[in-house]
Amino acid sequence: MDRVLRIGLLGCGTVGGGVVTLLAREAEDIAVRTGARLEVGRIGVRDVAKARARGLPVDDGVFTDDVMSVVEDPDIDVVVEVMGGLEPADTLIRRALELKKPVVTANKELVAHTGPELYEAARAAGVDLAYEAAVAGAIPIIRPLKESLAGDRVTRVVGILNGTTNYILTKMAEDGADYATVLADAQALGYAEADPTADVGGHDAAAKCAILASLAFDTVVHGRDVFREGIEGVTATDLRVADRLGYVVKLVGIAGESDDRIGVRVHPVFLPKEHPLASVRDAFNAVYVEAEAAGELMFYGRGAGAMPTASAVVGDVIDVARNLLQTARGAAESVHRAKAIRPIEDLQTQYYVLLDVDDQAGVLADVARTFGDHAVSIAQVWQEGAGDSAQLVLITHRAREGDLQQTVQALAAMANVRSVASVLRVESEVFSS
Ligand code: NAP
Ligand code: HSE
């Protein structure tokens, strides 16, 4: 194979290392499939010595800390951004597109922040911008939404979109593991973001949910539009109560369209054990798509880690390289419908509420009255513990989120309620919109 396309890699950490390894390991087949050999020409990093010490299958001379020089090098044909963060990634990608170089990125934070501007820059330049690895690691979900389901009407997308938090919740629930210890394991395994608060705080899943919602509903949804709660407050008691009632606790992203508005949210939920998403364990991800003609579809696989993510990145590199060789472009995003975001207060679902209370006669009646005063009906209630460790566990019927929030505020102000320990949404098999 005479034809060679040179890749400029921006970042060589967990994902970048996987990309270099995979391109070297599958070089022969990739060349045949692409119609050109794909070589890593330059690699931009922050610390060249650290990158070299990793002993990857590339010459030491390819590394530089001058990242813009990688993009602007006339010998570089395709730019792969796996450094993460908004800047300098945004500037580098825009410059690459300006130079008419196709770009592959795994950067969900950036795509959720400025995706439509980048799509437009790619369109204007006549080259591809591909980001399959940005959502759910190895799982093909961008291409199915953008291309395979283009003739259908998607009504809802529900996903376990973050490997780190799914790993943490699985280990806490199944092994009784301690939150901080499991988070450190997830970091060591290469699942977590450089700043893991992006994972546990739900920011990473919110960015992915925004990208999926944009593609599913042909509109622009930014990461900041997504209602978000993380898993930092989920306790062993919450997991034990969920288990006793036939649920598991999962961090899910839910995007749905109804009444011409988009509901888009990420938070931990009680999910029935029989729901297909409940069996998604460890760092695995899954995306459940409901479409009018296709019905229900589920995409499942490894959502994080070096090689699974590299699989998606290299798949995109081959795709954009093939298009480059034919002076063509792949399918573009459609963002032709302006849609309002539905406020979380309008959500209707069930809730689990855990209260630390004084262990006295009449407290349960006072608590029940507070729920009733705000039109929130109680489905189940019982007491856990006694004396100083007395707690009330309440499961509501479906209620409006705005009413539930007011109830919680009123509960927190009651003299005989020491604290509102937990509030989690309870989703039935059919997710609320
Ligand atoms: P990482 O291990 O922290 O690696 C980041 C790499 O980028 C490092 O090589 C770092 O250089 C380089 N870098 C960062 N900022 C830089 C700057 N300002 N200038 C020059 N180089 C810079 O991160 P990662 O886990 O590979 O993630 C990379 C991207 O993939 C992120 O957007 C992430 O969200 C996304 N992603 C990750 C996964 C996963 O499982 N890890 C899965 C899907 C998507 P040094 O090595 O010198 O520090
Ligand atoms: N930190 C992310 C996760 C990597 O845990 O899912 C994949 O995007």
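Both ligands and their constituent atoms are indexed starting at 1 by order of listing. All of these numbers come straight from a predicted model, not from anything done at the bench.
- In terms of polar-atom proximity, V15 is counted as a contact of ligand 1, with an N or O under 3.5 Å from an N or O of the ligand.
- More than 12 heavy atoms of other residues, nucleotides or ligands sit less than 6.0 Å from atom CZ of R228.
- Residue contacts with ligand 1 include G305, since one of its heavy atoms falls under 4.0 Å from the ligand.
- Polar contact with ligand 2: present for D199 (N/O pair, distance under 3.5 Å).
- Using a cutoff of 4.0 Å between basic side-chain nitrogens and carboxylate oxygens, R156 and E427 are not scored as salt-bridged.
- In this structure, the side chains of L245 and Q380 come closer than 4.5 Å at one or more pairs of heavy atoms.
- The two residues T165 and D199 have their closest heavy-atom pair at CG2-O, 3.3 Å.
- Distance check, rounded to the nearest 0.5 Å: OG1 of T309 to CG of L22 gives 11.0 Å.
- For ligand 2, the atoms sitting less than 4.0 Å from at least one non-hydrogen atom of Y191 are 1 (N), 2 (C), 3 (C), 4 (C), 5 (O), numbered in the order shown with element in parentheses.
- Here the shortest heavy-atom distance to atom 7 (C) of ligand 2, taken over G303, G163, A134, P308, belongs to G303.
- Ring pair Y119/Y131 is parallel by interplanar angle, where below 30° counts as parallel and above 60° as perpendicular.
- Protein heavy atom nearest atom 34 (O) of ligand 1, with residue, atom name and distance: E193 OE1, 2.6 Å.
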Let me check something: any side-chain donor-acceptor pairs from residues 29-39 under 3.5 Å, sequence neighbours excluded? List them with distances.
| unit_1 | atom_1 | unit_2 | atom_2 | d |
| --- | --- | --- | --- | --- |
| T34 | OG1 | I30 | O | 2.6 |
| R37 | NH2 | E28 | OE2 | 3.2 |

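- With respect to atom 43 (C) of ligand 1, the closest heavy atom belonging to the protein is T309 CG2, 3.2 Å.
- A donor atom on one side chain and an acceptor atom on the other are found under 3.5 Å apart for S419 and D356.
- For E81, no nitrogen or oxygen atom sits less than 3.5 Å from a nitrogen or oxygen atom of ligand 1, counting backbone and side chain alike.
- Contact record, P272 with A278: O-CB, 3.4 Å, taken as the closest heavy-atom pair.
- When each atom of ligand 1 is checked for a heavy atom of V67 under 4.0 Å away, the hits are 20 (C).
- Closest to atom 30 (O) of ligand 1 among all protein heavy atoms lies A106 CB, 3.6 Å.
- If you number the atoms of ligand 2 from 1 as listed, the ones under 4.0 Å from a heavy atom of K208 come out as 2 (C), 3 (C), 6 (O), 7 (C), 8 (O).
- Looking only at protein heavy atoms, the nearest one to atom 28 (C) of ligand 1 is V82 O, 3.2 Å.
- Residue contact check: A304 has heavy atoms under 4.0 Å from atoms 3 (C), 4 (C), 6 (O), 7 (C) of ligand 2.
- Any N or O atom pair closer than 3.5 Å counts here, and P88 shares no such pair with ligand 1.
- Using modelled atom types, one finds a donor on one side chain and an acceptor on the other under 3.5 Å when comparing Q405 with E401.
- Below 4.0 Å from some heavy atom of A133 lie the following atoms of ligand 1, by number and element: 43 (C), 44 (C).
- When only interatomic distances are considered, the shortest N/O to N/O separation between R46 and ligand 1 falls below 3.5 Å.
- Distances from atom 23 (O) of ligand 1 to the protein include no heavy-atom value under 4.0 Å.
- Checked by distance only, ligand 1 and G190 come closer than 3.5 Å through their nitrogen or oxygen atoms.
- From the protein, the heavy atom lying nearest to atom 17 (C) of ligand 1 is M83 CE, 3.4 Å.
- Among protein heavy atoms, atom 32 (O) of ligand 1 sits closest to G84 CA, 3.2 Å.
- Counting heavy atoms under 4.0 Å from ligand 1, residue A306 does not touch it at all.
- Closest heavy-atom contact between A306 and T14: CB-O, 3.3 Å.
- For ligand 1, none of its N or O atoms has an N or O atom of G85 under 3.5 Å away.
- Nearest protein heavy-atom neighbour of atom 46 (O) of ligand 1: K50 CE, 3.2 Å.
- By the neighbour-count criterion of 12 heavy atoms within 6.0 Å, atom CG of D60 is densely surrounded, having more than that number from other residues, nucleotides or ligands.
- Remark: side-chain polar atoms of Q350 are not paired, donor with acceptor, to backbone N or O of Y352 under 3.5 angstrom.
- With atom 5 (O) of ligand 2 as the reference point, the heavy atom nearest to it among T164, N107, L161 is part of T164.
- Remark: ligand 2 atoms within the under-4.0 Å shell around heavy atoms of K108 are 4 (C), 7 (C), 8 (O).
- The single protein non-hydrogen atom nearest to atom 4 (O) of ligand 1 is G13 CA, 3.3 Å, given as residue, atom name and distance.
- Side-chain atoms of R54 come within 3.5 Å of backbone N or O of C12 as a donor-acceptor pair.
- Residue contacts with ligand 1 include C12, since one or more of its heavy atoms lies under 4.0 Å from the ligand.
- Set against the non-hydrogen atoms of A304, the atoms of ligand 1 under 4.0 Å away are 40 (O).
- Taking all atoms of both residues into account, the shortest heavy-atom contact from A106 to V313 is CB-CG2, 4.4 Å.
- Heavy-atom minimum distance, L92 versus M83: CD1-SD, 3.7 Å.
- Every atom of ligand 2 is numbered from 1 in the order shown, and the set under 4.0 Å from a heavy atom of E193 is 1 (N), 2 (C), 4 (C).
- Judged by distance alone, the side chains of D195 and T197 do bring a donor and an acceptor atom under 3.5 Å apart.
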